[in-house]
Amino acid sequence: MKKIEAIIKPFKLDEVKDALHEVGLQGITVTEAKGFGRQRGHTELYRGAEYVVDFLPKVKIEIVLEDKLVERAIEAIIQAARTGRIGDGKIFVTTVEEVVRIRTGERGPDAI
């Protein structure tokens, strides 16, 4: 089993969610986040004064899935989240040793 964590632009969330649903994924966890990468934030003008916005709004998506679906899920995220501009995000894939469904006690792939 693997865990995919994807950091994307907030306005791309619905497209990514729909793309993952088409791949066959049942559930995702979404967290609002703030951060920056190479773009280092930007400057905004508010009531005549300049402000530096260091942390940009992002969305973090977490998915735990079976190994056989990982590549399809990654491709779906890339296709749905890509704008071609800086700050499109990152995808991290890690190994998950165990999953337990609290309600039933199921373990492993059955618990996903």
Side-chain angles (χ1 to χ4, degrees):
M1 294 175 293
K2 302 284 189 209
K3 179 180 182 180
I4 295 176
E5 293 180 65
I7 310 296
I8 63 169
K9 292 182 175 184
F11 66 88
K12 287 294 199 171
L13 177 59
D14 286 336
E15 292 175 50
V16 171
K17 181 187 70 154
D18 292 343
L20 290 171
H21 184 71
E22 287 180 23
V23 168
L25 295 173
Q26 298 281 328
I28 64 173
T29 300
V30 177
T31 308
E32 290 183 20
K34 291 186 178 190
F36 66 89
R38 291 184 181 156
Q39 80 266 34
R40 298 268 191 237
H42 62 277
T43 303
E44 288 186 2
L45 195 61
Y46 179 73
R47 294 190 178 182
E50 281 192 3
Y51 293 92
V52 176
V53 179
D54 290 333
F55 295 100
L56 300 173
K58 301 289 182 183
V59 173
K60 179 179 174 182
I61 299 171
E62 296 176 270
I63 313 157
V64 176
L65 63 168
E66 293 184 58
D67 292 344
K68 64 184 179 184
L69 293 175
V70 171
E71 280 306 313
R72 289 177 45 208
I74 290 171
E75 281 304 312
I77 294 168
I78 290 171
Q79 294 301 318
R82 178 182 286 153
T83 66
R85 301 178 71 196
I86 195 163
D88 275 351
K90 297 264 190 313
I91 299 173
F92 305 96
V93 181
T94 55
T95 301
V96 174
E97 292 184 25
E98 183 71 271
V99 176
V100 180
R101 184 185 309 263
I102 294 172
R103 179 177 55 87
T104 62
E106 292 171 292
R107 292 178 174 262
D110 293 336
I112 296 178

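None of the values given here were measured: they were computed from a predicted structure.
- Among all heavy-atom pairs drawn from Leu65 and Ala73, the shortest one is CD1-CB, 3.8 Å.
- Under the 4.5 Å side-chain heavy-atom criterion for Ile, Leu, Val, Met, Phe, Trp and Tyr, Ile74 and Val59 are members of the same hydrophobic cluster.
- Going from atom NZ of Lys58 over to atom NZ of Lys90 covers 9.0 Å, rounded to the nearest 0.5 Å.
- Phe11 and Ile8 are not part of a single hydrophobic cluster, where members link through side-chain heavy atoms under 4.5 Å apart.
- Neither Met1 nor Ile28 shares a network with the other; the hydrophobic side chains, linked directly or stepwise wherever heavy atoms of I, L, V, M, F, W or Y lie under 4.5 Å apart, form separate groups for each.
- The number of heavy atoms from other shown groups lying within 6.0 Å of CD (Glu98) is above 12.
- In summary, the side chains of Thr94 and Lys2 do not present any donor paired with an acceptor at a separation below 3.5 Å, with no hydrogens or angles considered.
- Closest non-hydrogen pair, Lys60 versus Ile7, comes out as CG-CD1, 3.6 Å.
- Note that CG of Leu69 and CG of Leu20 are 10.5 Å apart. Values are rounded to the nearest 0.5 Å.
- Of the residues Leu13, Ile4, Ile91, Thr29, the one that meets the side-chain contact (heavy atoms from CB on, under 4.5 Å) test with Ile61 is Leu13.
- Phe92 and Val64 are assigned to two separate hydrophobic clusters, defined by single-linkage of ILVMFWY side chains at heavy-atom distances under 4.5 Å.
- The two residues Ala19 and Ala76 come nearest to each other via the heavy atoms CB-O, 3.8 Å.
- Remark: side-chain polar atoms of Asp88 are not paired, donor with acceptor, to backbone N or O of Arg82 under 3.5 angstrom.
- Ile63 and Gly27 get closest at one heavy-atom pair: CG2-O, 4.1 Å.
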Result block: side-chain N/O donor-acceptor pairs under 3.5 angstrom for residues 102-112, not counting sequence neighbours:
from, atom 1, to, atom 2, distance (Å)
Thr104, OG1, Glu106, N, 3.3
Thr104, OG1, Glu106, OE1, 2.9
Glu106, OE1, Arg101, NE, 2.8

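- Put simply, Ile78 and Val30 are part of the same group of oily side chains (I, L, V, M, F, W, Y) that touch within less than 4.5 Å, one to the next.
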